Each structure stands twice: as structure tokens, then as C-alpha cells.
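Step one of this worksheet: look at the structure below.
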There are 2 protein chains.
Amino acid sequence: MSQKIIELGDELMIKFVDLYEKTLKENGYKLTNQRRVVLETLYNRVGEHLTAEEVHQLVKMVNPEIGLATVYRTLQLLSELGLIDKLNLDDGVVRYEIGEMETKHRHHHLICEECGTIMGVDDDMLDALEEAFSKKYGFKVTDHVVKFYGVCKSCLQKQGS
Amino acid sequence: MSQKIIELGDELMIKFVDLYEKTLKENGYKLTNQRRVVLETLYNRVGEHLTAEEVHQLVKMVNPEIGLATVYRTLQLLSELGLIDKLNLDDGVVRYEIGEMETKHRHHHLICEECGTIMGVDDDMLDALEEAFSKKYGFKVTDHVVKFYGVCKSCLQKQGS
DNA sequence: ATATCTGCAAATAGTTTGCATGGCC
DNA sequence: GGCCATGCAAACTATTTGCAGATAT
């Protein structure tokens, strides 16, 4: 069955799809169109933090047949495989975003309490901290989640004027 | 109407109840038995991270009439007032715990992926980092949430043997 | 060929809300 | 006395699951 593929025109995207195929195969999962479309959708929205519902809306533009349950299942799978990241802001919805392939550094989030903007930042400042914690508490850290809440640059400027 | 009060026998607890009364009054909320019982329950379980359902079970031992909805409303209120802390571990349930009155330092969580233990640690290592982030991204940080995932000391020892 | 995946609809789980009654200030 | 808070049940929302048919390998 033929399936319209999103026009990539981007070397990075090809690399990403390769990784997706490799990772799924290695773990014994099938390579389905639904899964690729979900991943491509996330890729096309780098920097955004989408809910399952939002991903479903976007995905339906490419293939209207894809159901919401599949989107949920796919997001969960891709997240487990480390192809995408899960993000929880305590607002009752789980969000997903493309993980950073290029760097090994986990990235963190600055959440503006004024305008709700979520800004992802890449930083290795936490690495030293992680090690310190390991030593201090005898706890072997494998991962960490850091969220900063506050007021973003542009909201600060608005407040100033 | 008379209401059985949990035996305190503890100066800290009295201080805590005082704070609870003061904070509620200052914000125009009524001082009800339900609210105090919820707070005392949390206090009696310092170090644990309870779900609304769990708090409800415990609270019913003191006063079986208290409804689940009230527990939800109360936990939300106490959390907004800063009397207790909210914690989300992405397992589909929101947890609450007594906030640290003594220190200004927010505390962080070490979550063991082996046994599920959640360990709260108090540490000011993040303060420097917060400031660095503020400078670097022009973002005024007011709060942060940090979670470390990994393997706890006792699980590491079990693995070793 | 066959085990996995999908779509749909129904089920679930956690949390919220409307409303009449009860209790604090 | 008035208004906020409570309890109950019903409503809601996000997410999960069962199942029959479709699809990738």
C-alpha cells in the first residue's frame, strides 16, 4: 500500500529516520507508517512541546486515518526507545518533544509563569552536580529531570516598560 | 461540635499547626477540622509521598466522614499556600508531602528505579546553578524542580552481593 | 504465515464540579 | 446571619485496553 511521505529536503531528517528504523528493528518492532508519521511530525515541530491530542491533530493532516489510541501507543513507544522525550508540567497533560540527538546532554526546561512559554535549554552544568549527589548519598544517578520556573526575558522586558 | 484532635506531644507539630492557622486566616480561608486533619496526617508521615487516595484513607481513620473531594480540595489549597509540596513522578498520580519549614532550600528527590523508593534530599547545590541560568538566559528563576533517577544505596548493595 | 499493529469504541483512573446542607466567623 | 466549606454523586479528562481486521516481515 503506497503512502505519502513527508518531503524531507533535509539531511538531518534523513539521519533521524534512519535512526528510527534502526532502533525499531533492533528492538523487534515493526516499521509502520503511523510510527514514522508521528516521529516526522515531532521532528517538524522541534522546540515545541506537544500533547498527544496536538500530535494527533497534526498527524491527521498527513494521514487522516490514524487514530488517537495509536498516537498514544506510538508516543509511549518512541519515548521508551529514547527517540523522543516526555515532559510533564503538572498541568494534567503529558507533552512530548524530539530529543536532542547531537548531544549527550539531557536538556532542561525554563517555564515562564507569565506567558506559559516552555524553553528548552541544553546545558551540562548538572553533570557535576549529579556526580556530587552520587558520592554524597551513595545513589547511582542514571538520569535527571530539571525544571526552572520563573519569568522569561520578554515578559521581564514587558514588565519593565 | 466536638472533634477528636490527634495527640501532638511535639513542639514542632504545635508550631506547624500555628503556621497553618495563621496562613489560612491571612488568606481569608476558614479554619476547618478537615483542613487541620489533612495537614496533621501529612505531618505524621513526614518523608512519605502520599497520593490523594492514600491521604483520604489515613484521614478517614481520624474522621470517617471526610470525603475524597474535600481531601483533593484541601491538598490543592494547602499546596497553593505553600504549607505542603506537590510532587509528580510521571506515574499517573500526584503526590503530596510536608514542605520543609526550617530551611529555605527547596528539596529534591532521588527516585530509585529498582525499588521505587523516593528519597527527599535537602541541598543548596542548585542555588548557584539557578543564578547562572538567570544570567545566561535572561530568565528570572523563582522556583525549580529537580528529580534524580537511578539506583539507591541499598539496591546497589543487593546487586553487589 | 503469523505475530504484531491499528482503529474503533468502551473502559478506566484520577481529579473536578454542582448543588443542597452544614459549620465557621 | 451570611457566606464559605463539605459531602455526595455525577461529570470530566486524559489515557488505556479489548478485540476484530489489516499489515509488516
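Chain letters run A, B, ... following the sequence lines, proteins first and then strands; every chain starts at 1. Quantities reported herein were computed from a predicted structural model and do not represent experimental measurements.
Atom CG in A:L81 sits about 11 Å away from atom P in C:dC5, given to the nearest Å. Atom CG of B:L68 and atom P of D:dA9 are 12 Å apart (whole Å). Atom CD in B:E21 sits about 13 Å away from atom C1' in C:dC24, given to the nearest Å. In this structure, NZ of A:K25 is placed 21 Å from P of C:dA3, rounded to the nearest angstrom. Across the protein-nucleic acid pair, A:L75 atom CG and C:dT6 atom P stand 12 Å apart, rounded to whole Å. If you take CG of B:D91 and P of C:dT12, they are 21 Å apart, rounded to a whole angstrom. Separating the CG atom of A:L77 from the C1' atom of C:dT6 is a distance of 13 Å, rounded to the nearest angstrom. Between the NE2 atom of B:H56 and the C1' atom of D:dC8 there is a distance of 11 Å, given to the nearest Å.
Nearest heavy-atom pair across B:S79 and B:K86 is OG-CB, 4.0 Å. Of all heavy-atom pairs spanning A:H49 and A:E54, the tightest one is O-OE1, 4.0 Å. Contact between A:C112 and B:F139 at its shortest, heavy atoms only, is N-CZ, 4.0 Å.
Ranking C:dG7, C:dG14, D:dG7 by closeness to the A:I66 side chain, first place goes to C:dG7. The side chain of B:T70 approaches D:dG7 more closely than any other nucleotide in the set C:dG23, D:dG7, D:dT15. Proximity note for A:R35 (side chain, C-beta onward) versus C:dT6, C:dC25, D:dT15: the nearest is C:dT6. Relative to the side chain of B:T32, the nucleotides C:dT15, D:dG2, D:dT6 differ in distance, and D:dT6 lies closest. Side-chain atoms of B:K30 lie closest to C:dC25 of the nucleotides C:dC25, D:dC8, D:dT15. When distances run from any side-chain atom of A:Y72 to the nucleotides C:dT15, D:dT16, C:dT6, the shortest one goes to D:dT16.
For the pair A:Q34 and D:dT23, the criterion of a side-chain N or O lying under 4.0 Å from OP1 or OP2 is not met. OP1 and OP2 of C:dT15 both lie 4.0 Å or more from every side-chain N or O belonging to B:Q76. Residue B:N33 has no polar side-chain atom (N or O) positioned under 4.0 Å from OP1 or OP2 of D:dT6.
Hydrophobic clustering (ILVMFWY, side-chain heavy atoms < 4.5 Å, transitive): A:L58 and A:L68 are in distinct clusters.
If you find the closest nucleotide of DNA chain C to B:V93 and to A:G67, the one lying nearer the 5' end belongs to A:G67. Between B:L31 and B:T51, the one whose closest nucleotide on DNA chain C sits nearer the 5' end is B:T51.
Using a 4.5 Å heavy-atom threshold, the side chains of A:I111 and A:K147 count as touching.
At a threshold of 4.0 angstrom between heavy atoms, the contacts of B:G28 with the nucleic acid are absent. Residue-level contact check: A:R73 touches the bases, meaning some heavy atom is under 4.0 Å from a base atom.
Side chain of A:N88 to backbone of A:D90: a donor-acceptor contact under 3.5 angstrom is found.
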